[in-house]
Asker: 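Structure in structure tokens, see below.
Just so you know, these numbers use all the heavy atoms, side chains as well, and skip hydrogens, waters and symmetry mates.
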Protein chains: 2
Amino acid sequence: MTPAGNRSDKTQVTRALLALREQILSGQFAAGERMSELPLVERLGVSRTPLRLALVALEHEGLLDRLPGGGYTVREFTVTEIADAIELRGVLEGTAARLAAERGIGRRELRAMSELNDEILRLINTDGDYVTRYVDLNERFHARLIKLAGSVQLERMWSGIAALPFAGPSALLLTEPKLSESWPILRVAQRQHASMLDAITQRQGARAESVGREHARIALTNLDLLLRERETFQRMPGGSLVLLPGGAADDHS
Amino acid sequence: MTPAGNRSDKTQVTRALLALREQILSGQFAAGERMSELPLVERLGVSRTPLRLALVALEHEGLLDRLPGGGYTVREFTVTEIADAIELRGVLEGTAARLAAERGIGRRELRAMSELNDEILRLINTDGDYVTRYVDLNERFHARLIKLAGSVQLERMWSGIAALPFAGPSALLLTEPKLSESWPILRVAQRQHASMLDAITQRQGARAESVGREHARIALTNLDLLLRERETFQRMPGGSLVLLPGGAADDHS
DNA sequence: CCAAAGATGTTTGTATGCAACCCCGTCGCT
DNA sequence: AGCGACGGGGTTGCATACAAACATCTTTGG
């Protein structure tokens, strides 16, 4: 859904959309602050007409909230919301896997996904900075998984939620500093990919679904780990939009 | 999501949105036909600016498809897509029920839903034309169910899919002619509502989820019944948007 | 001194004019 | 005769001017 622009659109609304999203995610707007059109116009260098289209797109995307008197604010996400979004992504991916299993999938497609996953396996057996490549492969795997179900609606819903900051399939990957902690997790994830493919191949719908769900919950673990290091967290794109649990408790629960 | 307008907006974009949606659902546009802005402007009596906002809203809603060169067409739905959408609504409602069960729900809310469902029970024990009232009660029950989970994302996704023609909780109710056939179905549905509430009360997440899913599948049955009477089908709002299975086969499968 | 009405600035909503684009047919040149 | 280019109609994209809603602060009258 209006994820970016089609093609390499040079249209003003795309320009505004991209710029705005980036500025929002990098925390250049305070959480409850009212975003009026005129300031944005001069900030982004587009006129009001395309700007408004970009704004409704971002509202649809869930990054902006329309406030009563008109105007927008950047949406603030609680940790619970993020966890819910991840759980929901798991539900959707599980459903995709189940439907794929029930309906049967061509060997070509399964083969392609297997190869993607094999490449992931080779990658995490390597030493070195493979994060970028891993993210790419992982996203491709998940995107294809969703398409396996062959349902437009499912795809739409998934795109809607996976575009949310922190809810995407590779959103919470630990970056450099703590890579040691994330290494075993990636292995588990790769294994789950394989299990899903196997379940789909053998048309075991229930198994495919539950593995799909559990797989997404890996992100919950990563979320927990990340929350232990608030500074790192805040620096990640979109980090400033997250309302961290208040100073009290929750740090040693 | 941009379901109707907030408040009783007299704004032009709302006017355009409502009028357009109604005209689309009543089949006043051919399926693949290109909808250009200028004709719509004089048809709806609003200028291009609010019209375009209404168009993107309908695109987000899934009723319109943007076509490559610009402009829109009304979206055409296959029977399979409708079935998928219903299945997905079941997945979401099942998830809502499961989350509600897992997280626990206040008695007040459960009580309220029980009363709604009791009223449905009394209603279907009555003779007479209760369709309108049933639809109202049923929609309220489902809306509350979704809210029980307490997840904004889930609610958003559900609204998105329940707004689709034929995918809403009461969308495929058989109208007057065949009421006799739908009567026992309503009884089953009411019972499933009760089971869901019971499961939630007893915090039986898995049960709540599976009942929620199965409950939505009632709509699949109704869909089947409706497809036996194409004329009736075509007359329902949005009926003309559905691409019926080609003349061959499928009538006696 | 307080209250109410009005003026003023700021905001969003709407209309419209202009420019760029695309499809397509036709005309001219080779 | 074929191929290419030019131009016309129609369409969308964009910018801007204007109107209406809203808020605020001031000013004036009691």
Asker: With A:Arg34, which residues qualify under salt bridge (charged side-chain N to carboxylate O under 4.0 Å, His left out), at least two apart?
Answerer: none
Asker: Mind checking salt bridge (charged side-chain N to carboxylate O under 4.0 Å, His left out) for A:Glu93 and listing every partner two or more places apart, or none if nothing turns up?
Answerer: A:Arg89
Asker: Checking B:Glu33 now: which residues fulfil salt bridge (charged side-chain N to carboxylate O under 4.0 Å, His left out) with it, not counting sequence neighbours?
Answerer: none
Asker: Just jot down the side-chain hydrogen bond (donor to acceptor under 3.5 Å, both in side chains) partners of A:Ser26, sequence neighbours excluded, or say none.
Answerer: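 Counting only residues at least two positions away or on another chain, A:Ser26 forms a side-chain hydrogen bond (donor to acceptor under 3.5 Å, both in side chains) with A:Gln28.
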Asker: Please name all residues satisfying salt bridge (charged side-chain N to carboxylate O under 4.0 Å, His left out) with B:Glu115, sequence neighbours left out, ordered by chain then number.
Answerer: B:Arg111
Asker: Summarise how protein sits on nucleotides 8-16 of chain C as a single string, 5' to 3': B when a protein heavy atom is under 4.0 Å from the base, S for sugar-phosphate-only contact, - for no contact.
Answerer: ---SBBBBB
